[in-house]
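Since the structure comes first, as structure tokens, the remarks are kept for the end.
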There are 2 protein chains.
Amino acid sequence: MPTPAPAKDPADTSLRKQVYDSLREALTAGRFAPGQKVTFRYVAGALGVSLTPVREALRRLVAEGAFEMHPNRSVRVPLMTRDKVLELRDMRMALEGLAAGKAALLATRDQIAGIRRAAREIIAARSRGDSITDRQKVREFHFALYAAAGQPMLLRVIEGLWLQTGPYMNLLYPDFIASPRGPAGRLKIIEALQARDAASARREIENDIRRALSYVADLADEAGNIAPARPSAVKRRRSAPAGATAFELQAH
Amino acid sequence: MPTPAPAKDPADTSLRKQVYDSLREALTAGRFAPGQKVTFRYVAGALGVSLTPVREALRRLVAEGAFEMHPNRSVRVPLMTRDKVLELRDMRMALEGLAAGKAALLATRDQIAGIRRAAREIIAARSRGDSITDRQKVREFHFALYAAAGQPMLLRVIEGLWLQTGPYMNLLYPDFIASPRGPAGRLKIIEALQARDAASARREIENDIRRALSYVADLADEAGNIAPARPSAVKRRRSAPAGATAFELQAH
DNA sequence: GCGGGCGGTCTGTGATCACAAATCGGGCCG
DNA sequence: CGGCCCGATTTGTGATCACAGACCGCCCGC
């Protein structure tokens, strides 16, 4: 599958949904620089639609915390601080730990197989130094695990939290990834699923999230701000279709 | 510093925000019957605004799970099932337990005083049989507690979960409320705050949520559906200002 | 040379219009 | 008498327009 996608309503062809997905994908792929201003008309032009669907998509993303709208009314990619990362870390540990525990009790053989496959693909991508595929497969691994918990509302909230941490997960590369604990942790999770050991699955997921987000939090400067993963600007493509690649990076 | 984070925006006077607040308030007050259909034009007419702000407000509420939009496109108040209640219960236990634990470590003397006052007001309202004030003060107690944790993102997610359980909390009255455990649990929480005992505060909040939502879940029929708290219809007030009382109950 | 106003432009907000899909009701056919 | 089909109405979607407030840069006065 090209995009694991947030499940939900695969048959939603509304422009609003397409704009939402485009922005979301650009955000998780790190194509927006943290702090970057994003105007309604810019997005509308880049995607070739009117303001209406853009407003609804952007406004939803603001409600989800993926963008910020300042009182002076300008929409920006949120800047991260140490405190915010730690807050997100604790929330993710609580909810993803919960999901992992439920998944351990419910995962079918096929679901476990899919999770194991994602884990193998992470190792393969990492050995090639392919951080793009790496990140994508890490996401696949986690969401295949959480989907096995069979709790759709929980899954939605977790997706919202990933969206907020997304633009900053590039910071884990390449240094943090070199740690050997990652693959070992995933192996333990798979073992826990097979053993129906909810406590162990929860503990391993919690450890994984704690390590990764504590690492990101420690990148904060003395003012508490975290440097953007990639200080990049975005170039406007003129008259593009409402596809997924309308937001492009621009060296400067 | 004036506003370190974008915080809330109490000075948001946009119509969208007013519509959003009106719908949210009507929802938590149980003025919409679960399963009830809500059309954009109906809300626009009831509040005396055009479709534009209504669309954005309703769409956000759909994204938050407070309303459902079916593929055939009709917006409804979600019907609850036993599984959904249990899912919400577990999420709320995880997140509100987390917040209570943090609050125990951070609550100031003034914040604890505010929480204690809310607890007293609950007892007072309950002794009068005033379930409206009761529910309102219960909400105040919980959110004063969670606010003391100083984690704005966490608070927002918790608010989203309350919005989903809101229309069904009337089911706790009057039978469940008669249980003497409620006041005792709140007292223990306040003691935990004073003692800076995070584990105890978390445990008590978890117990409170577990008891209440397990009770609601047990109201499910053999099909798994939960009867609406009050099977009530809503009457349209013609040419009303965009106030908070535009949605009114109608006996039938 | 520099700071503060001042005008033009940018940008989000809300209303309105046009349209297509969905829904509902009545009437026709079996 | 009942089920099905077709047309009128309802309803969400997207585009466009008008407008007010914010932003930005230029220019004048000190």
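Every value quoted in this text rests on a predicted model; they were computed, and no experiment measured them.
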- [ ] Heavy atoms of chain B, cut-off under 4.0 Å: which first and last nucleotide of DNA chain D, 5' to 3', fall inside that, if you could look?
- [x] dT11(D) to dG14(D)

What's the [atom1]-[atom2] distance between [X] and [N], to the nearest Å?
| X | N | atom1 | atom2 | result |
| --- | --- | --- | --- | --- |
| K17(B) | dT13(C) | NZ | P | 13 Å |
| Y42(A) | dT9(C) | OH | P | 24 Å |
| L51(B) | dC19(C) | CG | P | 17 Å |

- [ ] For T52(B), report the nucleic acid contact type (base, sugar-phosphate, nothing); a contact means any heavy atom under 4.0 Å.
- [x]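 Touches a base.
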
Open item on the list: For F67(A), does the six-membered ring have the charged nitrogen or CZ of R76(A) within the cation-pi criterion, i.e. under 6.0 angstrom from the centroid and within 45° of the normal?
Closed with: no

TODO: Take S50(A) and V75(B), find for each the nucleotide of DNA chain D with the closest heavy atom, and name the residue whose nucleotide sits nearer the 5' end.
DONE: V75(B)

TODO: Name the residue closer to the 5' end of DNA chain D, choosing between K37(B) and R55(B) according to the nucleotide with the nearest heavy atom.
DONE: K37(B)

Open item on the list: Can you list, in residue-number order, the parts of residues 60-68 of chain B that come under 4.0 Å of DNA chain D, counting heavy atoms only?
Closed with: none

TODO: First locate atom CD of E87(B), then atom OG1 of T81(B), and finally report the distance between them rounded to the nearest 0.5 Å.
DONE: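 These two atoms lie 8.5 Å from each other.
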
TODO: Mark yes or no for whether E64(B), through its side chain, and L163(B), through its backbone, hold a donor-acceptor pair below 3.5 Å.
DONE: no

Using 4.0 Å as the upper bound for N to carboxylate O, is an ion pair formed by [Y] and [X]?
| X | Y | result |
| --- | --- | --- |
| R31(A) | E25(A) | yes |
| K137(A) | E140(A) | yes |
| R117(A) | E121(A) | yes |

TODO: Go through the steps for R16(A) and Y20(A) under the test side-chain hydrogen bond (donor to acceptor under 3.5 Å, both in side chains), then give the verdict.
DONE: CA-CA 6 Å; R16(A) 168 188 358 102; Y20(A) 176 80; over 6 Å; no

TODO: List in chain and number order the residues that pass side-chain hydrogen bond (donor to acceptor under 3.5 Å, both in side chains) with K102(B), two or more places apart in sequence or in another chain; answer none if no residue qualifies.
DONE: D90(A)

TODO: Apply salt bridge (Lys or Arg N to Asp or Glu O under 4.0 Å) to the pair E68(A) and K84(A), showing each step before the final yes or no.
DONE: CA-CA 14 Å; E68(A) 279 179 355; K84(A) 286 163 77 176; 3.5 Å; yes

Task: Phosphate OP1/OP2 of dT13(C): any R16(B) side-chain N/O under 4.0 Å - done: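 Yes.
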
TODO: Please tell me which of T39(A) and P53(B) maps to the more 5' nucleotide of DNA chain C, matching each residue to the nucleotide holding its nearest heavy atom.
DONE: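 It is T39(A) whose nearest nucleotide is closer to the 5' end.
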
